[in-house]
Each structure stands twice: as structure tokens, then as C-alpha cells.
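To find a chain, count down the sequence lines: A is the first, B the second, and so on, and within it residues start at 1.
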2 protein chains.
Amino acid sequence: MAMIAPSRRVRRTPFSDGVEAEGVKAYTVYNHMLLPTAFENPQFDCRHLKTHVQVWDVSCERQVQIKGPDAAKLIQILTPRDISKLSPERCFYIPVTDQYGGMLNDPVLLQAGPDTYWISIADSDFLLWVLAVAGCNGFDVDVSEPDVSPLAVQGPKSDDLMARVFGEEVRALRFFGCRRFAFEGQNFMVSRSGYSKQGGFEIYVEGSEYGMPLWRALFAAGEDLEVQAGGPNLIERIESGLLSYGNDMTRDNSPMECGLGKYVQVSQLATCFGGRALQEELDAGIARMIRPIAIDGEIPACDRSWPIYAAGCVVGQVTSATWSPDFETNVAIGMVASSHWDAGTVVEVETQDGLHRAVVQASFWN
Amino acid sequence: MAMIAPSRRVRRTPFSDGVEAEGVKAYTVYNHMLLPTAFENPQFDCRHLKTHVQVWDVSCERQVQIKGPDAAKLIQILTPRDISKLSPERCFYIPVTDQYGGMLNDPVLLQAGPDTYWISIADSDFLLWVLAVAGCNGFDVDVSEPDVSPLAVQGPKSDDLMARVFGEEVRALRFFGCRRFAFEGQNFMVSRSGYSKQGGFEIYVEGSEYGMPLWRALFAAGEDLEVQAGGPNLIERIESGLLSYGNDMTRDNSPMECGLGKYVQVSQLATCFGGRALQEELDAGIARMIRPIAIDGEIPACDRSWPIYAAGCVVGQVTSATWSPDFETNVAIGMVASSHWDAGTVVEVETQDGLHRAVVQASFWN
């Protein structure tokens, strides 16, 4: 691995000083921003995440704020998911697609205030899409990136740590429930969500100046809970089947291919971007889909897509993979053709180091 | 500095195997792709660039391909620059702006074929903007990211190296001239351009499979020219006043603020995105502009914007800065208010390590 070169373009976050003090070992870049990925090493960080509680700097989940009288109308044409039941107490995971039904991003949508929505984005400049759609159609909205930086608290002791800092009521939040909670005179949106399956919360820190005070408050309150700094963990997220935009799906994929078919609602297809293409795909049948895959042998870092072969033909690709100490196999996420997506199907995966036997799984591991 | 974590999302390039074999020391991430920035160290790499010839993997300059009967019409509303004189023999640097006149990118536009254009982009997902504008307005075009990866040859011996690989005719290319040249049965677009002021070319390698053969051919032909792998060099680009999108300009800036006023043509303002806002700014007068700035003392890495003060008030910000061994000063790029942009104005720059005296310069150094 090489070093990452410093520049303003690869943005620091309100928590970067804390991240550095905790001894960050590796970053990735996500939405033009530093995303810490390792503090000790992925295996240690994974074990700790599953046992204790971690604080993650996920500021890189930038918000596209849409504000104004036409905001809800605009958002509804951006996604095939019906958002009419969205409320300030409930956030929605929404696929967003281009006019051809290709995934542009897989964000979480929140209502931050009256006529004010945040689209908490994965790694693409979705703001440019929203800005153009709003401008070209004359929607009465203001589109911006506000000074909001999510901080995640993840792991089995998350409720305990959060209750100490935000009060006992935070325990009552349901999955994808959200509500504002007080911190030092501010009211931050908090949701029960996050990029692991170990339980936890995301705090939408509004105002960079509150970043380090909250960071310090969480570490101070969590000392006896063995709180540590962490980040999205490759092992845990693959075991849990959490997809990564840019890794496991791109604009080449439809929501159905990504296993997000339940968010594609037929009632929306006449009016949303890509609706016609999605309807055609539904009519024709889904040709390939995300699958959990176990790979045999010793594999290198999955820094490129790995073709999946069966009987000499390409039947898919692996896009994320790593060794899982807990499940004692290489866990992987791949896109597999319908001909070979049944659980138990034996295939071959071609890494940069050679061919490996692999088996399509019935379900993810966590 | 921390390491960069491997993932498919941070894409490798057709030249990555070569880059690694040459011992890359640092990367940045640009358009979701690895961009090598250091091989020995920035000072050594800079000296070599100014003396010999380097091969740069700038695959991250991705192409937004716009193809179809409406392609030229679409592109003309994306930029305030008149592109009617564009031809297959001449590429154009074009600012592209949103509906408010804010910079979305500062790409180079090429005509790659009949009704086929490439927009060779800086670091933002400009494809999303183009796709939305095309879709919302019913333009008859196809918008895609083709398998085209630029490789740059930069430095005073560039003509000699290029002539050995592509033939003597390559020497006849003028600045921003372009033409197709043969390599192993392919015809690659070659332009006299690049992100240094040491002279050189960019080769638009069409087809990833030709990447390493071309890389090897350039290194084999250039051994006695002391060819080395390189990349955009922070020292040289600041000395030369080459702006970096995301560092020195963002959507908060207009083309005029970035010193790109000559590409804002009044004839286009009635029809291009942001034209009205640009006209209003021209009428009101430009309030701040990019300036070269020399900073005294020992400065840290410029990984965030540094406020510029005069008499206790903020009058701008420095966005790129580093020590220049050749000019024996800290060279910097900043955005400065009109009240303080005259050459010779003394200001103070606040880095993360403290205040430094600085002086606005009359011109960049190279």
C-alpha cells in the first residue's frame, strides 16, 4: 500500500483531529473526503466492533440538502420508492436512478425540517444530478451541501454509550427511526442506523465546531465500555451483506440487480427517472443479482472486479472480498447471472493471483 | 500520512501495474481513481520533471463522451465559452458552470469523431450533470464514460521521446493542438497539453489493453533520456499557476474569480447555464480573484484552506501551498478580495501551525 497525499481537495472532517490522535492507519477517499478505515488492523477492528462500541467518522456521508416548496415533489421523481410515509421520525433508504434505471447512488433520505430534506449520500456527486434536475425543470428549491457531518456509534454497547451522552430516550429509537436530541445546546438529528449489523446510531452533527466536543464527550463517556475509534469494516460489512456503491454496484446496475427490488414500487414507475427501463426489466425478468459467495484458498486484496467463471464462460463478477476469521472462509459479494445464482452453485473466481473455487451462498453470514 | 486502503471503488488504471513497478510512494484519489503523485519525493520529482521527461498515469482524467446529433448543441449550453471553432485538430479548455455560475469542473473538450466529443474532466462527477441536462431537455445524445485513459508525457525532452514512439510529425503539434497518431495498429488522440509548464503531451489511450504496451514502449524508448514515472507535481504546478479543481476552485467560485474570464464570452451568456449570474457578476465587478502568494517561514502541508488576514479581517484564503527550492520561498495559490489583490500587498496567512507573513505576487513563478 502507498501513502495518501495531503491536499484541500481530499477534505478533512470536523473529527480529523480526533481520528489522527487515535492513530488512524489507513484512509479511503469518499465524496472527496477522508474516510478512516483502519486503526489497529481490519481483523482487530472487526473483533472490537462486534464486542464493544466504536465511534466512526463518516462525515463523508455528505448531505444533499433540498429545501423549498417543491422539495418533496422533486425527491419523489428521483427515486422509484414511494416516499409519502417519510416523516421527521423515520428515514428511508432510497435507490436513485438515472433515466436508464442505472444506480446513481444509494442514499438515506431524512426530513430535517419543514420543506427541508437531507439525502445522505454514498460515493458519487449526486448533488450535481439533483441540481441539474431542479434547474432544468424549474423546481422551486434550493440545493446545497450543508455543514452537516455524520458521526456513527456502532457496536453492541452503542445504546449504553449513546444514552450516557444523549439521554435514556435514545434507546427508544427503532431501526431507521430518527429524532433530534440535545447536545451542548444544539439539537442534532440522530437515527438508529449505520454501516454495520452490530447495532448503532448515526448523529448528524450540524456545525463543524461541535464535531470535536461531541467526539471527546463520546470517548470520555465510554471509557469503561472500551470505546475506540473505528470505521466501516470490510470484514464485517461483507459478512453482513452491506453493499458499497462504487464497489458492488455502479450506474451499470439496476436496483433490482442490487437486491433492492422491494424499494422499486410500481406506482412510481410512470413518473420517476428510469421508471420505463425498470418496468421493462421487471417484465423481462432480472438477469443477474447480488449474491454472497464463499471463495476457497488464499486471496489477494480485492482492489478490482474479479470475473466469475462457470464452464469457461463469464457468469458474473466478485466486487468485494476478504478473509473472515469468524466464519473461516473468504467472504465475498458478487453479481451473478440467474443461470448460476442458486445457493450451492460451484463457480471459479479469477483474482489477480489466479483461479479459486467458490460457492454461491444461501445468505450472508451475519 | 496514513496508507490508502485498497478497494474496487477507488479504481486502478490500465497503467497501475507499471506505476507499482516504478515504486509509487503516494497516491491521491481523483474521479474515484488512483492518481500517483510521488515516486521519489516531490522535490526530486520536480527537479527531474524540469530536466528530463516523465510519463504520468493521468487515467483519472476520465472522459465524458457525448455522442449524437445534438452533441454540439448540448455542449454549447454547458459552457460560457464559444466552442464553434472546436475541431478534431484543436482542443478547448472550457469552464462549465451550474445555473448560479458556480464552477462544476474545468475540463478540456475534444472532438473525438463525427458528432462525438470527449470532455476530459477534473475531479467531480460531471457526467451526472451532463446526463441530467441531456435527459431533462430531450437531447438526442448518448452520454457515457468510454474506456479511454490519458497518459501524459511531460518535461523538456517530451518531444524527443514522443517522436521516437509516434513519429516525427508529433513535433508539429501546437499548444492545445491534437491529432490521431498510430501505435500498434491503433490511432490514439494525442494533444500537446498537460498539467505542467515543462512542455508535453497527453495521449488518450483508447482500450485498456493498450495501456501497458504503450507504457513499456515509452520507457524502452526513453532510457537514454532518463525517462521516469511521475505525476502532477505540487511544487511545479503552483510555481506555474495551474489551478486544481477542488483545491483552488469549487462550486463557490465563478470562472472570473478563477482567472478564467477570457473563456466567458458575452455572446453565450443568454443561453448557457449560469449565464445570467455571470452577466450580473460582470456588471457588478469581480469581488475576488486567484492570485500567486509568497508565504514566509516554515509551513505545514496545505491540507485545508488557510484564511488570509489584513488588519484583522479575512480578505481571502490560500488553497494550495508548498516550499519551492528553485524560488526559495513558499509558493501559494489563493483567492483574494479586490481590496487586497494588488501585487506587493502584505497580508497574513493562518495555517494550522500559526500566522505567517505573506505577499501577493505580480505573477506566478514559472
So, the part of V19(A) with a heavy atom under 4.5 Å from chain B: the answer is neither

Relative to chain A, which segment of Y245(B) carries a heavy atom at a distance below 4.5 Å: side chain, backbone, both, or neither? backbone

Charged N to carboxylate O under 4.0 angstrom, R9(A) versus D123(B)? yes

Between V130(B), V10(B), V24(B), T28(B), which residue shows the highest count of heavy-atom pairs closer than 4.5 Å to chain A? T28(B)

Between L127(A) and chain B, with a heavy-atom cut-off of 4.5 Å, which part of the residue counts as in contact: side chain, backbone, both or neither? side chain

Is it the side chain or the backbone of R11(A) that comes within 4.5 Å of chain B heavy atoms, both, or neither? neither

Using heavy-atom distances under 4.5 Å, tell me whether N137(B) contacts chain A through its side chain, its backbone, both, or neither. side chain

Return yes when atom CD of E209(A) has more than 12 non-hydrogen atoms of other residues, nucleotides or ligands closer than 6.0 Å, and no otherwise. yes

The interface call for F273(A) against chain B, heavy-atom contacts under 4.5 Å, is side chain

In terms of heavy-atom proximity below 4.5 Å to chain A, should D98(B) be classed as side chain, backbone, both, or neither? side chain

Could you check whether D125(A) and S124(B), counting side-chain N and O atoms only, form a donor-acceptor pair closer than 3.5 Å? no

Under 4.5 Å heavy-atom distance to chain B, tell me which part of T250(A) shows up: side chain, backbone, both or neither. side chain

Mutual orientation of the aromatic rings belonging to H32(A) and H32(B) [parallel < 30°, tilted 30-60°, perpendicular > 60°]: tilted

Out of curiosity, L242(B) CG to I333(B) CD1, how far, rounded to the nearest 0.5 Å? 7.5 Å

D303(B) and R12(A) ion-paired at < 4.0 Å: yes

What part of S244(A) is in contact with chain B, defined as an atom under 4.5 angstrom from a non-hydrogen atom: side chain, backbone, both or neither? side chain

Against chain A, label V143(B) side chain, backbone, both or neither, depending on which of its atoms sit under 4.5 Å from a heavy atom there. backbone

Kindly determine whether D57(A) and T13(A) satisfy side-chain hydrogen bond (donor to acceptor under 3.5 Å, both in side chains), including the steps that lead there. CA-CA 8 Å; D57(A) 175 4; T13(A) 86; 2.6 Å; yes

When the 4.5 angstrom heavy-atom criterion is applied to T37(A) and chain B, the contacting part is side chain

salt_bridge(D248(B), R237(B)) N-O dist < 4.0 Å: yes

